[in-house]
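Sequence lines set the chain letters: A, B, ... in the order given, protein chains first and strands last, and positions in each chain run from 1. All values below were derived from every heavy atom in this structure, side-chain atoms included, with hydrogens, water molecules and symmetry-related copies excluded.
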2 protein chains.
Amino acid sequence: MIERIHLKILREIDQLGSLTAAAKSLHLTQSALSHSFKKLENQSGTQLWHKKGRQIHLTQAGKFLLNEANRLLPQMERLDEVLLQYAKGERGALRIGMECHPCYRWLLKVVEPFLAEWEGVDVDVKQKFQFGGMAALFNHEIDILVTPDPLEIKGIKFSPVFDYEQVLVVATTNALATHTTVSPEALSNEVLFTYPVEKERLDIFKNFLIPANCQPKKHKLIEATEMMLQMVAADRGVATLPLWLVNEYQDSLPIKAVRLGDKGLPKKIYLGIRTNEEPTEYIRAFFKLALKSKF
Amino acid sequence: MIERIHLKILREIDQLGSLTAAAKSLHLTQSALSHSFKKLENQSGTQLWHKKGRQIHLTQAGKFLLNEANRLLPQMERLDEVLLQYAKGERGALRIGMECHPCYRWLLKVVEPFLAEWEGVDVDVKQKFQFGGMAALFNHEIDILVTPDPLEIKGIKFSPVFDYEQVLVVATTNALATHTTVSPEALSNEVLFTYPVEKERLDIFKNFLIPANCQPKKHKLIEATEMMLQMVAADRGVATLPLWLVNEYQDSLPIKAVRLGDKGLPKKIYLGIRTNEEPTEYIRAFFKLALKSKF
DNA sequence: TAGCAACTATGAAAACTATTCATTGGTTGT
DNA sequence: ACAACCAATGAATAGTTTTCATAGTTGCTA
């Protein structure tokens with residue numbers, strides 16, 4: 001029967017290259033590891049590695065186990081952590097995943113009252129996912145996913161929590177600042193700043209420029225929202241951001257929001273949660289607060 | 001440190017309701033379980049349950065652990081199974097998930113040469129998923145998902161492997177049998193058989209009837225493809241199925257395929273795999289065979 | 001309300017398992 | 001050929017889990 005220790009040993013061997021080194025890092029002797037795996041190999045009847053010279057080579061079965069170890073160990077380790085949290089009187093932690101760059105400020109406004117209301121619950125926000133936010137939700141890396149692109153998948157439920165309009169931000173000195181709306185063609189002469197994600201995930205391309213077969217004079221990538229706004233204020237280019245965000249900065253920076261197309265670009269923020277388990281009380285509470293959010 | 005045994009105990013307690021019963025089912029004494037959890041509780045500083053009368057009630061923390069146990073234990077149990085398989089000289093098992101009812105016959109045609117070519121690899125097909133095929137892929141319940149509805153998600157890659165046309169099947173005695181094509185309106189007088197899944201997942205509704213604002217005289221659900229064909233042959237109603245499937249039965253049953261609309265209803269079968277790990281050799285091989293499949 | 005059945009908790013002893021110690025034998029590099 | 005590594009192994013030891021025996025609680029019922 002495979003136990004947690006077996007997986008740990010395998011992981012260490014893989015990382016450190018030798019039984020002896022792995023043993024040291026686990027505060028055990030080389031002998032202990034050797035015995036422990038000999039036993040596992042006898043029980044299962046499978047060789048997990050073989051010696052090649054003074055090196056250890058994992059067999060096919062060993063590689064399989066290693067792969068699973070790397071996947072499962074972090075999940076087991078989390079169990080310990082969470083129990084410790086419970087011990088400290090913390091009710092748990094709300095792990096939020098963000099797939100929506102400018103939503104960060106919106107999130108802050110929701111998190112603030114949440115923290116006040118739920119003293120025992122910590123909030124953690126992850127913005128980078130190796131395999132995407134959806135995978136993170138499925139794998140219990142996060143509990144809530146904030147995204148503008150919901151997907152209908154069994155096991156995950158998305159609910160809209162906030163409507164807003166995506167607008168073009170330009171410097172007050174920019175020629176476009178006098179317009180009330182802007183056409184796709186008008187952007188052909190502008191430098192466009194966006195977050196560094198795939199074009200397909202950027203509304204300005206997917207729902208505005210590409211349908212009209214247009215493109216900006218130049219497309220530059222900026223990660224930080226504040227920097228983007230500074231660049232726009234200096235009239236180095238234009239960007240697309242939520243209207244409420246532009247409004248927040250309008251007093252402190254010489255920028256102006258211009259509607260994209262005649263009808264504007266309406267957007268929604270969605271929250272996604274797993275539906276295969278009863279959501280905890282504080283997740284429901286977060287939902288309520290998110291729905292109440294206003295700008 | 002939480003070990004596998006703790007999760008097992010928790011799961012049994014939840015299922016059987018008492019320590020004593022759980023102990024019996026695990027071939028241990030009640031005392032053992034009591035000690036074992038007392039230790040865990042002392043180490044973590046968290047109470048996992050409390051006695052209420054002669055019953056055991058899980059605390060918040062206990063419920064959390066139980067939930068994780070139900071999720072993680074099956075994955076651990078699989079590790080043992082797979083090692084045993086390796087011992088028997090089997091290279092592993094290809095676990096295929098199907099989200100495409102009529103594709104079963106197509107799958108058989110691919111599996112046949114696969115089994116011949118890969119003697120050591122077993123094939124297992126799952127057709128029911130509690131939380132959907134996508135979740136099953138993420139959770140390593142299956143290795144390949146066969147579906148007509150691919151979704152663009154990081155961590156999963158879908159590739160089209162087979163094109164076909166979805167057609168209406170009618171009895172040769174049915175009035176529609178003389179037509180070469182059929183309009184949505186024409187179905188208003190027919191009983192329609194489909195698989196028992198949500199309407200949104202049935203192309204005949206999503207891409208044919210609903211856009212034309214039509215509906216069949218009656219909608220009846222049948223699970224088994226063969227039964228469906230028998231019912232159609234007896235002119236109890238009509239159904240939509242892949243053309244290649246209808247062709248296979250055309251000689252043995254009095255049925256006829258009729259094109260849906262002027263252009264027909266083109267469909268594709270996609271295979272989805274996880275991209276966060278190197279696919280094993282036999283998964284790649286299965287892909288190749290799937291691409292070669294012809295009817 | 002006394003008695004009984006069903007259950008859990010606990011300390012001490014027993015059984016079992018994991019770990020170490022001490023040693024061997026193999027490989028690599030100088 | 002020797003030193004430096006490294007893994008495997010048997011026997012001894014340390015450590016942990018499990019049992020046994022027993023006490024204590026609850027809920028039912030006669």
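- A donor and an acceptor atom, one from each side chain of Thr59(A) and Gln47(A), are nowhere located under 3.5 Å apart.
- Atom CG in Leu19(A) sits about 20 Å away from atom P in dG25(C), given to the nearest Å.
- Inspection of the Thr20(A) and Gln30(A) side chains reveals no N or O donor paired with an N or O acceptor under 3.5 Å.
- Among the atoms of the strands shown, base atoms are found under 4.0 Å from some heavy atom of Thr29(B).
- In this structure, Gln47(A) places its CD atom 15 Å from P of dA7(D), rounding to the nearest Å.
- Counting non-hydrogen atoms under 4.0 angstrom, Ile56(A) reaches the backbone sugars and phosphates but no base.
- At distances below 3.5 Å, not a single donor-acceptor pair connects side-chain atoms of Arg11(B) with backbone N or O atoms of Asn67(B).
- Put simply, CE on Met1(A) is 18 Å from C1' on dA18(C), counting in whole angstrom units.
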Pair Arg4(A)-Glu68(A), salt bridge (Lys or Arg N to Asp or Glu O under 4.0 Å): steps then yes or no
CA-CA 11 Å; Arg4(A) 191 172 166 178; Glu68(A) 295 293 295; over 6 Å; no
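- The aromatic rings of His50(B) and His57(B) lie parallel to each other, their planes meeting at an angle below 30°, with 60° marking the opposite boundary.
- Between the CD1 atom of Ile13(B) and the P atom of dA6(C) there is a distance of 19 Å, rounded to whole Å.
- Helix-axis bend for the helix from dT1(C)-dA30(D) to dT30(C)-dA1(D): the local axis fitted to the five terminal pairs at one end deviates from that at the other end by 20°, rounded to 10°.
- Taking only distance into account, the side chain of Arg54(B) never meets the base of dT25(D) through a donor-acceptor pair shorter than 3.5 Å.
- The nearest whole Å value for the distance from the CG atom in Leu40(A) to the C1' atom in dT17(C) is 15 Å.
- Of the listed nucleotides (dT8(C), dA8(D), dC6(D)), dC6(D) has the atom at the smallest distance from the side chain of Thr20(A).
- In this structure, Lys51(A) does not reach the dG26(C) phosphate: none of its side-chain N or O atoms is under 4.0 Å from OP1 or OP2.
- Where Ser36(A) and Gln55(B) meet DNA chain C, the nucleotide closest to each residue was compared, and Gln55(B) sits on the side nearer the 5' end.
- Atom NZ in Lys24(B) sits roughly 15 Å away from atom C1' in dT8(C) (whole-Å rounding).
- Contact between the side-chain N/O atoms of Lys38(A) and the OP1/OP2 oxygens of dT9(D) is found at a separation under 4.0 Å.
- Look at Ser31(B) and you won't find any side-chain N or O under 4.0 angstrom from OP1 or OP2 of dA9(C).
- Below the 3.5 angstrom threshold, one finds a donor paired with an acceptor across the side chain of His35(B) and the base of dT19(D).
- Rounded to whole Å, the distance from CG on Leu28(A) to P on dT17(C) is 18 Å.
- A donor-acceptor contact shorter than 3.5 Å links the side chain of Arg274(B) to the backbone of Leu137(B).
- Considering only side-chain N and O atoms, Trp49(A) lies nowhere under 4.0 angstrom from the phosphate OP1 or OP2 of dC6(D).
- A close approach under 4.0 Å does not occur between any side-chain nitrogen or oxygen of Lys39(A) and OP1 or OP2 of dT17(C).
- The aromatic rings of Phe64(B) and Tyr86(A) sit tilted, their planes meeting at an angle between 30° and 60°.
- Put simply, CZ on Phe37(B) is 17 Å from C1' on dC7(C), counting in whole angstrom units.
- Between Ser34(A) and dA8(D) there is a side-chain N or O to OP1 or OP2 distance below 4.0 Å.
- A donor-acceptor pair under 3.5 Å is formed between the side chain of Asn139(A) and the backbone N or O of Ala135(A).
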